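Sequential numbering from 1 along the given sequence is applied to the chain's residues. As the structure is a computational prediction, the values presented were derived from the model and not from experiment.
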Amino acid sequence: MDDKRPGEEHEQIPPVEESPSHTIKMKTFSFIMLVFLLIIATAGLTVFALTFGDDKAVEVNSPERREFEKLYSAYDQIQDQYFEEVDRDVLVNGAINGMVDSLEDPYSDYLNEDEASQFLEGISSSFQGIGAEVQERGGYVTVVSPIRNSPAEKAGVQPNDQILAVDGESIQGFTTTEAVMLIRGEKGTEVTLTIQRGENTEPLDITIVRDEIPIETVYAEMIGDNVAHIQVTSFSENTYQELLDAIETMEAEGMEAVVMDVRQNPGGLLDVALDISNLFIEDGKPLFEVQAKGAEPEVYMSSPGTKIEVPVTLLIDGGSASASEILAGAMNESAEIQLVGEKTFGKGTVQTANDLEDGSNLKFTTAKWLTPDGNWIHEKGIEPDVEVAYPEYASLPVLDTSLELQDGVISDQVETAEQMLEALGYEVGDVDGVFEEQMTEAVETFQEENELEVTGILTGDSTFAVMDALRQKIEDEDPQLLEAKNLLMEEAGITASEEAEETEE
């Protein structure tokens with residue numbers, strides 16, 4: 001553009017070659033018309049594509065997707081007319097939570113930034129809390145299983161306990177994530193859970209001191225007769241390597257057979273479960289099958305690598321869920337490994353956790369999985385080949401250590417104490433909830449044998465000691481483990497006398 005002002009010197013334009021004037025006019029007119037026609041054609045094609053193509057045309061300043069017009073309208077009305085200020089993030093998070101809740105799927109959840117951080121913490125490192133896996137089931141936040149040696153386990157929390165309240169605050173209707181946010185806390189602090197155990201029992205309060213919960217997931221020991229017992233408590237990032245290390249240690253100690261144990265293992269990372277399953281399954285055999293929406297079923301097969309060659313059994317129970325059930329199904333159906341114990345939990349779906357831009361996380365069910373034989377175990381569980389129940393005393397509720405149970409007291413707590421002491425081998429008289437003379441004598445004998453102050457009153461340290469003794473009895477006389485060991489010894493041709501002869505040599 002020529003921006004020179006009047007009076008300034010202008011550059012001379014050289015003369016052009018003469019040509020007929022009408023030719024120049026026609027070229028200019030044709031060019032202008034061509035541009036005009038191109039603009040009209042482009043606009044028409046754009047309107048056609050947006051109107052009839054995959055992406056429909058939308059009105060200016062209206063929602064891109066009309067199904068959200070109602071949502072936007074509700075959002076604007078609340079922002080403009082609600083009598084108090086409303087945090088927009090709270091509204092948005094609430095809307096997403098509402099969509100996820102409408103799925104009526106206890107395994108799908110929306111996690112805000114803080115909740116997502118805790119979720120990742122729980123599968124990758126240690127965390128501070130009570131050490132229990134929980135999930136919403138039937139409208140209640142329910143314990144799947146406590147982590148081994150955690151504060152929750154030591155306090156007596158058991159699988160299938162329903163958590164009614166946390167520190168006196170009802171959590172009825174809470175999502176699993178919301179409940180976990182209340183239950184977790186700094187090491188050394190206390191949290192009181194109100195527990196419902198069984199349909200016809202009174203709720204009980206369990207106070208737990210939070211601690212650092214290390215993600216140590218594999219525990220191994222030799223249990224005699226060259227049989228190893230290896231327990232896997234969850235499927236976390238380091239579990240596979242922990243298991244390989246444990247197997248190497250047990251082999252060095254003379255392992256000729258192994259009882260694998262996923263009792264009270266609530267699951268974890270899918271790829272870890274597959275790696276572990278692969279240890280026990282012959283190359284080329286199916287591990288499990290995944291069926292996602294709109295996709296062909298995908299069968300995961302075992303692959304070459306490290307394999308366990310000695311005889312194996314697997315212990316399962318009602319706290320064995322998700323990845324534990326994938327392992328159980330693969331071992332049983334593709335390797336004919338016997339399952340011992342009780343029916344598993346029954347979780348046959350796969351979840352995917354998707355990170356959102358602000359650090360929040362949307363976790364929802366993306367597929368269902370089937371065992372190698374095509375069985376969907378969701379809400380059914382896997383039945384053991386050899387059913388062995390826990391003794392009744394293994395499911396007794398915890399005692400309130402602040403109470404004084406003594407002669408003349410009548411209560412459910414007295415009846416529980418009678419059952420515990422009777423299981424430990426003490427004569428308590430009739431188990432009827434009435435604290436009488438014979439019960440007093442049993443408490444005195446227990447206190448004397450455990451170097452406690454002899455008062456005949458069950459409270460404080462004496463109560464803790466009774467529960468600790470019972471827990472130790474359950475571990476020492478584990479009927480499921482003993483049955484699994486006996487089956488293995490028979491399969492491997494191992495006898496106690498053979499081990500005795502080896503020891504003498």
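Under the 4.5 Å side-chain criterion, counting only non-hydrogen atoms from C-beta, L279 is in contact with L243. With contacts defined as side-chain heavy-atom distances shorter than 4.5 Å, the pair T349/Q351 qualifies. Contact annotation: the side chain of I230 never approaches that of Y219 to less than 4.5 Å [non-hydrogen atoms, C-beta and beyond]. With a 4.5 Å cut-off on side-chain heavy atoms, N332 and D385 count as touching. Contact check for V443 versus L421: side-chain heavy atoms found under the 4.5 Å cut-off. Side-chain atoms of L487 and Q338, non-hydrogen and from C-beta on, do get closer than 4.5 Å to each other. A 4.5 Å side-chain heavy-atom check between I163 and V166 finds at least one atom pair inside the cut-off. In this structure, the side chains of T459 and L405 stay at 4.5 Å or more apart for every pair of heavy atoms.
Checked by atom type and distance alone, the side chain of N278 never pairs as donor or acceptor with a backbone atom of L274 at under 3.5 Å. Although no hydrogens or angles enter the test, the distance criterion places a donor-acceptor pair under 3.5 Å between the side chain of W369 and the main chain of K347. No donor-acceptor distance shorter than 3.5 angstrom exists from the side chain of D205 to the backbone of T192, with no hydrogens or angles considered. Judged purely by atom type and a 3.5 angstrom limit, Q158 has no side-chain atom pairing as donor or acceptor with the backbone of P397. A donor-acceptor pair under 3.5 Å links the side-chain atoms of S150 to the main chain of G131, judged by distance alone. No donor-acceptor distance shorter than 3.5 angstrom exists from the side chain of K485 to the backbone of V227, with no hydrogens or angles considered. Between the side chain of E153 and the backbone N or O of N149 there is at least one donor-acceptor pair closer than 3.5 Å. Between the side chain of S334 and the backbone N or O of M331 there is no donor-acceptor pair closer than 3.5 Å.
Counting only N and O atoms by type, the side chains of T233 and T217 include no donor and acceptor under 3.5 Å apart. Looking only at atom types and distance, the side chain of Q241 has a donor-acceptor partner in the side chain of D245 under 3.5 Å away. Side-chain contact, T365 with D105: a donor N or O sits under 3.5 Å from an acceptor N or O. Residues S360 and D358 bring a donor and an acceptor atom of their side chains to less than 3.5 Å of each other. When only modelled atom types and interatomic distance are considered, N361 and D355 share a side-chain donor-acceptor pair under 3.5 Å. Donor-acceptor pairing under 3.5 Å is recorded for the side chains of E212 and Q128. For the residue pair N375/E333, the side-chain donor-acceptor check at 3.5 Å is satisfied. Using a 3.5 Å distance cut-off with no hydrogens or angles, the side chains of Q291 and E289 do pair a donor with an acceptor. With no hydrogens or angles considered, no side-chain donor-acceptor pair links T463 and T401 at under 3.5 Å. When only modelled atom types and interatomic distance are considered, E325 and T344 share a side-chain donor-acceptor pair under 3.5 Å.
Ion pairing between a basic and an acidic side chain is recognised when a charged N comes within 4.0 Å of a carboxylate O; K307 and D283 show such pairing. A salt bridge does not link D109 to K363: none of the charged side-chain nitrogens sits closer than 4.0 Å to a carboxylate oxygen. Between K154 and D211 no salt bridge is recorded (no basic side-chain N to carboxylate O distance below 4.0 Å).
Few gaps surround CD on Q172; more than 12 heavy atoms of other groups in view lie less than 6.0 Å from it. In this structure, E490 places its CD atom where only 12 or fewer heavy-atom neighbours from other residues, nucleotides or ligands lie under 6.0 Å away.
Residue pairs that meet the ring-ring contact (aromatic ring centres under 6.0 Å, His included) test with at least one member in residues 330-352, sequence neighbours left out, do not exist here.
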(request) Just do the salt bridge (charged side-chain N to carboxylate O under 4.0 Å, His left out) check on D476 and K473 with the steps written out, would you? (result) CA-CA 5 Å; D476 293 343; K473 177 183 175 66; over 6 Å; no

